[in-house]
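These notes are about the structure you will find just below.
Values reported hereafter were calculated over all heavy atoms of this structure, with side chains retained and with hydrogens, waters and symmetry mates removed.
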Amino acid sequence: MQDRYNPQEIESKWQEIWENKQSFRATEDDPRPKYYLLEMFPYPSGQIHMGHVRNYSIGDVIARYKRMRGFNVLHPMGWDAFGLPAENAAIERGDHPAKWTLENISYMRQQLKKMGFSYDWGRELATCDENYYRWEQLFFIEMFKRGLAYKKLSTVNWCDSCDTVLANEQVIEELCWRCDQEVREKKLEQWFFRITDYADELLRDCDKLTGWPEKVLTMQRNWIGKSLGATIRFPLVEEPEEAITVFTTRQDTVFGATFLSIAPEHPLALELSRGTDQEKEVRQFLNQVRKVKHSHKETHDFEKEGAFTGAYCLNPFTEEPIPIYIANFVLSEYGTGAVMGVPAHDQRDFEFAQIYGLPIQIVIEAPDRLLEAHKIMEAYIDEGTMISSGTFTGLSSEEGKKEIAEHLEEQGWGKKDIRYRLRDWGISRQRYWGAPIPIIYCEKCEMVPVPEDQLPVVLPKHIAFTGEGGSLLTQLEEFVQVTCPQCGGPATRETDTMDTFVESSWYFARYASPDENRAPLDKKRVDYWLPVDQYIGGVEHAVLHLLYARFFTKVLRDMGWLSVDEPFVNLLTQGMVIKDGAKMSKSKGNVVDPQFLIDRFGADTARLFALFAAPPEKDLEWNDQGVQGSHRFLSRLWRFVYQNRDRLMQAPSVATQEPSAELKDMRRQIHRTIKKVTEDMEVRFHFNTGIAAIMELFNVLSALDEKAMAKEEVAGWTKYGVERIVILLYPFVPHVASQLWEDLGHKEALDKLSWPEYDVGALEEETTIIVVQVNGKLRGRISVAVDAIEEFIEKEALAEPKVRSFIEGKKIDRVVQVPRRLVNIVLSR
RNA sequence: GCGAGAGUGGCGGAAUUGGCAGACGCACUAGACUUAGGAUCUAGCGGGUAACCGUGGGGGUUCGAAUCCCCCCUCUCGCACCA
């Protein structure tokens with residue numbers, strides 16, 4: 001043992017010990033209860049950043065704590081290894097994406113090991129490994145056979161910079177989530193996963209996720225966006241056989257529908273005006289809309305615009321003919337791409353009606369005021385009582401919705417309906433570095449899935465990275481040209497690869513049996529480990545990865561691969577790491593390299609600061625001096641143990657003894673600290689306050705002077721306290737804690753120890769400080785026995801000199817007491 | 001605009017049930033040790049000479065409010081014509 005705290009030396013020593021002993025290996029034949037802890041796996045970008053340090057430090061505290069608590073902990077790590085940066089790097093420097101990726105993985109793995117994270121490295125996986133993605137191809141084929149994977153021509157979000165399609169979830173405010181390039185629309189044949197089939201279950205099961213932050217659940221619920229309403233057919237006046245179907249959530253306002261508007265992309269948009277006087281105007285409008293859509297980012301400050309088609313349809317309820325407009329605010333992808341226009345009760349319709357002079361018909365009465373069509377300045381969108389609505393007049397909106405829906409069904413005019421905002425997940429990517437979609441196109445047999453015994457469709461390795469001509473796979477003849485597995489005729493291969501979010505949608509299940517090479521998952525082991533008990537990651541995946549993973553879990557369940565409905569029981573979304581008021585990023589030039597910290601202060605210091613500076617869910621403001629503070633604490637602890645080592649080692653064991661009167665406070669403080677840290681670990685993962693409590697206890701112990709320490713009993717309790725500190729610190733700073741534990745003469749390794757229990761009896765105090773207030777203001781303190789009766793406390797309080805000066809000559813109205821806390825003397829006014 | 005969250009010293013943050021506001025740490029100040037200090041130790045550290053005033057602002061409930069209720073302001077995040 002040395003005088004100076006030398007983190008590098010002890011950290012590599014303990015990392016080696018853990019590796020040799022395989023301390024963190026998890027097996028399924030363990031009698032203890034299982035606990036599956038997972039942090040979102042990293043993209044192997046090159047080196048770890050502060051966000052990783054924070055995320056994985058949080059996870060490691062929980063992993064080590066749960067082991068001490070007697071759980072069989074699974075804590076795996078892997079690599080989300082497919083994706084664009086690898087391919088872009090390949091194009092830039094002529095390296096193969098595989099080489100670039102694997103090199104990054106090996107460097108980052110070594111960095112994570114240097115942080116001392118307690119992973120079961122025996123389960124490591126990389127998604128670019130064909131032993132991983134082959135199973136994903138199998139899932140794809142199973143989904144294809146069930147109609148859950150399908151191909152369709154669609155308008156997609158295209159990013160020119162990434163040269164690929166993006167899913168709806170990957171477009172953030174019209175920009176690409178990865179590179180911030182403006183996204184444009186493009187028509188392409190694309191593969192989709194039918195996530196909409198699961199919309200209702202994904203929504204319903206949000207209620208089961210009581211261990212998720214409300215914020216994330218709200219975002220998911222909104223993203224799925226369920227609307228209850230009705231579809232209503234409005235027959236065309238010219239051709240009563242034909243009709244336009246609208247979707248509405250406010251069928252109670254149908255009597256106020258004075259026009260109908262359809263999206264510019266609606267199939268009838270041009271059709272209706274063909275041959276009429278309106279045709280020219282409609283064509284012009286459609287052209288204009290198309291242009292504007294592509295040149296403008298902010299869709300929200302759009303003026304409402306439209307064009308009359310020249311056609312009319314019949315409002316089936318009023319039997320009045322109403323004009324059909326094309327309107328720029330109607331979305332083709334939502335509902336039926338057509339809406340009924342009710343200007344009196346929908347703000348958009350109101351604005352549109354104002355511009356085009358369409359009639360406003362009030363059909364809902366407000367409870368508190370009189371609405372008049374020619375006076376209102378905005379639509380009345382709340383519910384109320386139906387008026388001017390034929391036989392439905394007098395019903396509340398709620399009753400009206402029900403009865404109108406029933407009437408619709410009776411008359412065959414429409415039906416009750418449910419619509420979702422959620423769209424199917426577009427998974428085709430026109431890029432090389434991803435899992436190939438296992439489909440073959442044959443002229444005779446059309447789309448044929450690659451037979452299972454021919455999987456995997458291996459991503460060809462020898463390919464030139466020119467960066468030109470779009471997807472590289474299309475240029476590779478020997479990959480593209482195949483024979484049809486069904487008829488043996490000439491055929492071609494699908495050249496799109498899958499969205500990398502597909503890989504991350506099931507990796508947590510693969511960790512349960514990563515060595516299984518006959519099937520994607522070993523159901524027995526998967527059932528043992530799943531669901532993940534605690535998942536930790538950035539909130540930026542609130543609707544991306546977390547929604548996809550939930551969807552995939554349900555699909556895999558339905559295909560019989562696993563048994564849980566939801567993958568993640570508890571979710572902790574950690575905040576970002578901020579410096580100088582902005583998220584750390586290369587472009588802002590405010591990054592702190594974790595490697596620098598490890599080299600200079602050691603991993604324990606980096607971990608301690610990341611955990612101490614803020615509670616996990618909040619953003620963490622990086623502060624270089626704060627890091628030094630954390631380092632200072634560990635150095636002080638080290639020095640204290642070293643300087644008092646002989647005395648501590650010779651001190652008697654006092655844990656089970658009753659301390660003498662003057663040491664009761666010390667024992668109480670020790671047990672209070674254990675209680676506090678335990679609660680912070682269990683209930684809310686507020687490591688910052690737990691660490692603060694440990695520091696506080698250490699401050700008390702380290703303040704003892706030579707004279708005090710010379711007493712045997714004091715030394716005994718100090719030893720007890722220091723040892724509790726070391727144990728409590730172990731999950732946070734495992735290396736230095738392990739070393740101190742060893743140096744205090746313990747043979748058994750700290751990582752095998754149980755978490756300390758606090759002694760409720762030791763928390764009890766004999767006397768307590770009671771705060772005395774006069775009119776709610778703090779005026780003094782008294783010390784009384786804990787079992788003192790109220791009368792006595794009141795007498796003592798009134799006698800306290802400072803208190804007396806405030807109540808002298810005043811009349812006391814009453815005295816309020818909170819047991820063991822405070823006395824409030826209320827004076828009459 | 002809608003939805004969610006948050007506003008506490010110079011800074012990061014404590015205060016778990018309405019009961020001592022500012023734990024713990026950083027920065028700062030003074031002192032000690034020292035050839036030296038970006039090391040270490042000791043003391044101080046919300047404002048105000050004080051009475052007092054202080055948890056974004058204003059009102060309310062209460063013996064008592066950072067905490068509960070109402071109104072307003074600011075910031076962050078998410079969604080953004082979803083019929």
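- Going from atom CD of A:Gln347 over to atom P of B:rC82 covers 11 Å, rounded to whole Å.
- The side chain of A:Arg632 lies closest to B:rU40 when the candidates are B:rG13, B:rU40, B:rC24.
- Closest to the A:Thr218 side chain, of the nucleotides B:rG3, B:rC24, B:rC20, is B:rG3.
- In terms of position on RNA chain B, the residue among A:Val539 and A:Thr689 whose nearest nucleotide sits closer to the 5' end is A:Thr689.
- Donor-acceptor pairing under 3.5 Å, judged by distance alone, is present between the side chain of A:Arg781 and the base of B:rC20.
- Rounded to the nearest Å, the gap between the C1' atom of B:rA4 and that of B:rG18 is 26 Å.
- Within the 4.0 angstrom heavy-atom criterion, only backbone atoms of the sugar-phosphate kind lie near A:Asp619; the bases stay farther away.
- Counting to the nearest Å, the P atom of B:rC24 and the CG atom of A:Leu611 are 20 Å from each other.
- Of the residues in residues 334-344 of chain A, those with a non-hydrogen atom less than 4.0 angstrom from any atom of RNA chain B are A:Tyr334, A:Val339.
- A salt bridge does not link A:Glu540 to A:Lys583: none of the charged side-chain nitrogens sits closer than 4.0 Å to a carboxylate oxygen.
- A:Asn315 CG to A:Thr258 OG1: the interatomic distance, rounded to the nearest 0.5 Å, is 9.0 Å.
- Among the heavy atoms of the strands lying under 4.0 Å from A:Asn688 are primed sugar atoms or P, OP1, OP2 only; no base atom is included.
- Salt-bridge annotation for A:Asp346 and A:Arg250: absent, with no side-chain N of the basic residue lying under 4.0 Å from a carboxylate O of the acidic one.
- One atom, NZ of A:Lys777, and another, P of B:rC52, lie 8 Å apart when rounded to the nearest Å.
- Taking the side chain of A:Asn222 as heavy atoms from C-beta on, and the options B:rU16, B:rC20, B:rG3, the nearest nucleotide is B:rG3.
- Taking the six-membered ring for Trp and the full ring otherwise, the centers of A:Tyr5 and A:His631 sit less than 6.0 Å from each other.
- With 3.5 Å as the limit, one finds a donor-acceptor pair spanning the side chains of A:His686 and A:Glu617.
- When each of A:Arg639 and A:Ala613 is assigned the nucleotide of RNA chain B bearing its nearest heavy atom, the one mapping closer to the 5' terminus is A:Ala613.
- Here A:Val330 lies in heavy-atom contact (under 4.0 Å) with a base.
- A:Arg421 comes within 4.0 angstrom of a base, heavy atoms only.
- Below 30°, between 30° and 60°, or above 60°: for A:Tyr356 and A:Tyr325 the angle between ring planes is between 30° and 60°, a tilted geometry.
- For B:rC41, the OP1/OP2 oxygens have a side-chain nitrogen or oxygen of A:Arg636 closer than 4.0 Å.
- For a distance-only test at 3.5 Å, the side chain of A:Lys618 fails to qualify as a donor-acceptor partner of the base of B:rU76.
- The separation of B:rG9 from B:rG54, taken at their C1' atoms, amounts to 10 Å, rounded to a whole angstrom.
- In this structure, the nucleotide among B:rC20, B:rC81, B:rC82 sitting nearest to the side chain of A:Lys304 is B:rC81.
- Residue A:Gln220 contributes atom CD, which lies 20 Å from atom P of B:rC77 at whole-angstrom precision.
- Note that A:Lys304 lies in the cation-pi zone of A:Phe329, set by a 6.0 Å cut-off to the ring centre and a 45° limit from the axis.
- Salt bridge A:Lys707/A:Asp705: absent, no basic N to carboxylate O contact under 4.0 Å.
- With a glycosidic angle no more than 90° from 0, B:rG9 adopts the syn conformation.
- Note on A:Arg820: nothing from the nucleic acid sits closer than 4.0 angstrom, heavy atoms only.
- The P atoms of B:rA14 and B:rC79 are separated by 27 Å, rounded to the nearest whole Å.
- Distance CG (A:Leu778) to C1' (B:rC53): 15 Å, rounded to an integer number of Å.
- In this model, the phosphate group of B:rA83 is not approached by any side-chain N or O of A:Arg250 to a distance below 4.0 Å at OP1 or OP2.
- The P atoms of B:rU49 and B:rA43 are separated by 26 Å, rounded to the nearest whole Å.
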Please walk me through it: do A:Glu305 and A:Gln288 pass side chain to side chain donor-acceptor pair (under 3.5 Å)? CA-CA 10 Å; A:Glu305 277 181 81; A:Gln288 176 204 330; 3.0 Å; yes
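- Of the listed nucleotides (B:rG13, B:rA83, B:rG38), B:rG38 has the atom at the smallest distance from the side chain of A:Arg600.
- Remark: RNA chain B forms stems of 3 or more consecutive Watson-Crick or G-U wobble pairs, all pair distances under 3.5 Å, at B:1-7 with B:73-79, B:10-12 with B:24-26, B:28-32 with B:40-44, B:56-60 with B:68-72.
- Atom P of B:rG38 sits at a distance of 12 Å from the matching atom of B:rA27, rounded to the whole Å.
- Listed candidates were B:rA83, B:rC20, B:rG13. Nearest to the side chain of A:Arg348 is B:rA83.
- Side-chain atoms of A:Asn623 lie closest to B:rC26 of the nucleotides B:rG19, B:rC26, B:rA23.
- The gap from the P atom of B:rA15 to that of B:rC20 amounts to 13 Å, rounded to the nearest Å.
- Following rounding to the nearest Å, A:Arg779 (CZ) and B:rG64 (P) show an atom-to-atom distance of 14 Å.
- Taking side-chain N and O atoms only, A:Asn699 has no distance below 4.0 Å to OP1 or OP2 of B:rA23.
- Candidate nucleotides B:rU16, B:rC81, B:rC63 were compared by shortest atom distance to the side chain of A:Arg684, and B:rU16 ranks first.
- Residue-level contact check: A:Gln773 touches the bases, meaning some heavy atom is under 4.0 Å from a base atom.
- Taking 4.0 angstrom as the limit, A:Ser630 places none of its side-chain polar atoms (N or O) nearer than this to OP1 or OP2 of B:rG25.
- A distance of 6.0 Å separates CG in A:Asp252 from CD in A:Glu383, rounded to the nearest 0.5 Å.
- Ion pairing between A:Arg820 and A:Glu765 holds under the 4.0 Å rule for side-chain N and carboxylate O.
- Minimum atom distance to the side chain of A:Lys215 is reached by B:rC77, of the listed B:rU16, B:rC77, B:rC20.
- Relative orientation of the A:Phe247 and A:Tyr334 rings is perpendicular, given thresholds of 30° and 60° on the angle between their planes.
- Between A:Phe806 atom CZ and B:rC52 atom P the separation is 5 Å, expressed in whole Å.
- Atom C1' of B:rG56 sits at a distance of 11 Å from the matching atom of B:rA6, rounded to the whole Å.
- Residue A:Val816 has its side chain nearest to B:rG19 when only B:rG19, B:rA15, B:rC26 are considered.
- The nearest whole Å value for the distance from the NZ atom in A:Lys675 to the P atom in B:rU16 is 12 Å.
- Taking the six-membered ring for Trp and the full ring otherwise, the centers of A:Phe601 and A:Phe609 sit at least 6.0 Å from each other.
- Using bins of under 30°, 30° to 60° and over 60° for the plane-to-plane angle, the ring pair A:Phe687/A:Phe685 lands in the tilted bin.
- Contacts of A:Lys226 with the nucleic acid, taken as non-hydrogen atoms under 4.0 Å apart, are absent.
- Taking atom C1' on both B:rC28 and B:rC11, the two are 11 Å apart, rounded to the nearest angstrom.
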